[in-house]
Amino acid sequence: MGYQLLNKDFNDILNQLKSEYKIYGPKRFENKGRFSDTDVIGYGEIDKLEDIVLDEKTYFSPKEIIYPIRQTLFYFTEDEVKVPDAPEDKVIVFLRPCDINGIKRLDTIFLENGPYKDVYYERLREKVKFFMIECTEGFDSCFCVSMNSNKTHDYAVAIRFNEENVLIDLKDRDLLEYFENYGKAEEFTPEYIKENKAKVSIPYPEKVTNEMFEHEVWQEYTRRCIGCGRCNTSCITCSCFTMQDVYYDANKKVGERRRVWASCQIDVFTNMAGGHGFREKQGQRMRFKTMHKINDFYKRFGFHMCVGCGRCDDVCPEYISFSKCINKLYSIVEEGNNDEK
Ligand code: SF4
Ligand code: SF4
């Protein structure tokens, strides 16, 4: 069902939706940027259409809405364990097609990777509806078209923002009661970006042999990467976590166990009991991340993990470009160009 609504009518609808849903969107956080007196665009609760930032890319992805940075798995005492109740709020998220596809990757990891579902993820995820922001331009570092993640039909509502009105494609009939008394019926089919400025070519996974394991291409990243982990925390598809026990009491018998986001790029990520660590060098870590995003995941699930949102390129303090890294790999594997370093 398609509608054209004045912006003020859309804001009325958002107001009504707030009684039932928490509504998140890309918004400006003033003075929270990397440098003093700078802002950052991230995901937060919004009140009205004017809060939504459309002309800048978010530094962080919307993944923390369904996969929080810190999440309590259970509380414990000496003789009792209690799993926290599931949050009751239903959630609406305004996001772009690449991020919807990114969340599909998280669904695959948490819900479809083996016989058991991640119940903590599932109980948040099942409460979320997507309000897709039509995206036909992208940003400089985006390469979603190359990753085949520029389109999706998995949304409750798709929206084209114009100056004074919005066009809506409403798929979720549960929301019909909110929309049917506003605006006028008008067919609307969202369009999608057809070409990005940045493009990648991905080597065919079966052609990536063990020789790539020790290839000197990775040495550049040992020299340049400082292991800060920003590329992971900003990535919509990175899902690794570590465990943290927090004690409320000196005798360590009362407390809570949390899971907390982890990063394959930082020190100690691979440490095992006894202190043995794999992938000590940054180049080895970059190799691991790259192979996971565009090789191993594909072999297991039939599509790539990376959705080409380009956030890792945007946030890297060393200006390391993941899209360039993928293209270097392609050049080595598919074109036999061993001068790539
Ligand atoms: S690896 Fe980079 S481009 Fe790919 S999904 Fe993650 S942040 Fe986006
Ligand atoms: S953001 Fe850049 S410097 Fe930091 S870990 Fe990632 S690749 Fe390395």
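Whatever order the structure lists ligands and atoms in, that order sets their numbers, starting from 1. The structure displayed is predicted, hence computed values, not measured ones.
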Considering only distance and modelled atom types, tabulate donor-acceptor pairs under 3.5 Å from the side chains of residues 24-41, sequence neighbours left out.
residue	atom	partner	partner atom	Å
K27	NZ	E45	O	2.9
R28	NH1	D39	OD2	3.1
R28	NH2	E56	OE2	2.5
R34	NH2	V315	O	3.4
T38	OG1	F35	N	3.2
T38	OG1	F35	O	2.5
D39	OD1	N31	N	2.9

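Using a 4.5 Å cut-off on side-chain heavy atoms (C-beta onward), R125 and I103 make contact.
Listed by first and then second residue, the ring-ring contact (aromatic ring centres under 6.0 Å, His included) pairs involving residues 113-141 are F94-F131, F110-Y121 (not counting sequence neighbours). Residues in residues 160-193 take part in no ring-ring contact (aromatic ring centres under 6.0 Å, His included) pair, two or more places apart or across chains.
Heavy atoms of other residues, nucleotides or ligands lying less than 6.0 angstrom from CD of E177 number more than 12. Crowding of K129 atom NZ: a count of heavy atoms from other residues, nucleotides or ligands under 6.0 Å exceeding 12.
Side-chain atoms of Q265 come within 3.5 Å of backbone N or O of R285 as a donor-acceptor pair. Within the 3.5 Å criterion, the main-chain N or O of I332 finds no donor-acceptor partner in the side chain of N337.
Residue F143 has at least one heavy-atom neighbour below 4.0 Å for each of these atoms of ligand 1: 3 (S).
With hydrogens left out, the protein atom closest to atom 3 (S) of ligand 1 is G310 N, 3.2 Å, a heavy atom. The shortest contact between atom 4 (Fe) of ligand 2 and any protein heavy atom is with C228 SG, 2.3 Å. Nearest protein heavy-atom contact of atom 2 (Fe) of ligand 2 is C316 SG, 2.3 Å.
Taking backbone and side chain together, C225 holds an N, O or S atom under 2.8 Å from atom 8 (Fe) of ligand 2.
Put simply, part of I226 is less than 4.0 Å from ligand 2, judged by heavy atoms.
Around atom 6 (Fe) of ligand 1, the protein atoms of type N, O or S found under 2.8 Å away are C235 SG, listed by chain and number.
Relative ring orientation between H292 and F288 is described as parallel, the plane-to-plane angle staying below 30° on a 0-90° scale split at 30° and 60°.
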